[in-house]
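Remarks on the structure that follows.
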Amino acid sequence: MSGRKIAQSVLILIVPMLLVACGSYNNPPSTPPATAPRLVLVANSISNSISSFTVDSTTGQLTAKETVPTGGKNSRIIALESSRRFAYVGNSTSNNISIFAIDANTGHLSAVGSPVSVGSGLGFIVVGPTSNVLYAVNSQANGITGFSINPSTGALTPLSGTVPTDSAPVQLSFHPSGQFAYLANFNSSDLTVYRVESSGALGLLGAVPTGLSPSAISMHPSGNFAYVASLSSNEITTFSIDQTS
């Protein structure tokens with residue numbers, strides 16, 4: 001990937017606690033309180049903070065609510081667990097994950113403990129289909145690290161072992177069924193395919209070539225197709241997905 005540092009902001013919409021994120025597995029939302037605010041969350045990479053905005057349900061207008069420091073460096077990506085009570089922010093330069101509790105009535109963000117360390121080159125985080133595991137993709141270490149999620153506190157506990165990937169993984173995406181996971185590997189120009197076990201463990205099934213330098217992957221809602229954007233070859237490749245394998 002380019003050696004230039006690019007300022008990035010990652011936006012997540014909670015409506016009222018519903019995650020909208022291209023290429024990630026969206027767990028079915030729990031029923032929020034009637035008074036739960038509609039929120040947009042934004043990770044700010046230069047100021048190392050997370051900002052929240054309320055959303056007018058009629059006009060869609062955003063109103064700034066608060067900005068909270070993450071305690072990490074280069075805060076770039078946000079993931080939510082299924083109850084939408086906790087938000088996780090990936091800090092790429094400090095290689096750690098900040099945890100925030102989201103007040104169900106006010107939407108206020110409160111830091112939970114100190115940022116949790118991960119492997120080198122943190123590039124992407126996502127909560128898996130079992131809802132109790134967060135996956136951190138380490139682009140320099142060429143691996144995926146798993147963390148169990150405490151459903152009461154949101155705290156993360158590292159799982160033993162690291163799932164190997166191909167070179168420079170950038171994004172992990174889950175099949176709508178929750179049975180499979182697909183990882184775009186930037187330097188090796190391929191996708192590695194995994195089966196998702198009930199425990200959240202990932203079992204490698206194989207690899208599929210893509211265009212040059214795949215940088216993003218998204219699933220069709222039907223689960224029949226995957227779309228991969230390749231940076232160096234300037235193309236989007238469509239893959240059909242076998243629902244069994």
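- Clustering ILVMFWY residues whenever any of their side-chain heavy atoms sit less than 4.5 angstrom apart, transitively, puts I236 in a cluster other than the one holding I217.
- Side-chain contact check for E81 and S83: at least one donor-acceptor pair (N or O, by modelled atom type) lies under 3.5 Å.
- Judged purely by atom type and a 3.5 angstrom limit, N95 uses its side chain to pair as donor or acceptor with the backbone of G121.
- Side-chain atoms of I149 and Y88, non-hydrogen and from C-beta on, do get closer than 4.5 Å to each other.
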Taking it one step at a time, do L109 and S52 satisfy side chain to side chain contact (heavy atoms under 4.5 Å, CB included)? CA-CA 8 Å; L109 299 172; S52 64; 4.3 Å; yes

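- Here R85 contributes atom CZ and I102 contributes atom CD1; the two are 10.0 Å apart, rounded to the nearest 0.5 Å.
- In the model, S167 has no side-chain atom that pairs as donor or acceptor with a side-chain atom of S188 under 3.5 Å.
- Remark: L212 CG is packed, more than 12 non-hydrogen atoms of other residues, nucleotides or ligands lying under 6.0 Å away.
- Using modelled atom types and a 3.5 Å distance limit, the side chains of S177 and H175 yield a donor-acceptor pair.
- A donor-acceptor pair shorter than 3.5 Å can be found between the side chains of Q243 and N224.
- At least one side-chain heavy atom of V228 sits less than 4.5 Å from a side-chain heavy atom of F239.
- Looking at every heavy atom in both residues, F174 comes nearest to M219 through O-CG, 3.4 Å.
- Not one N or O on the side chain of N187 forms a donor-acceptor pair closer than 3.5 Å with the backbone of N185.
- At a cut-off of 3.5 Å, with distance as the only test, a side-chain donor of S233 or E235 sits close to an acceptor on the other residue.
- Listed here is the closest heavy atom pair of S49 and S75: N-OG, 4.1 Å.
- For the residue pair N74/N91, the side-chain donor-acceptor check at 3.5 Å is not satisfied.
- S120 and N138 share no side-chain donor-acceptor pair at under 3.5 Å.
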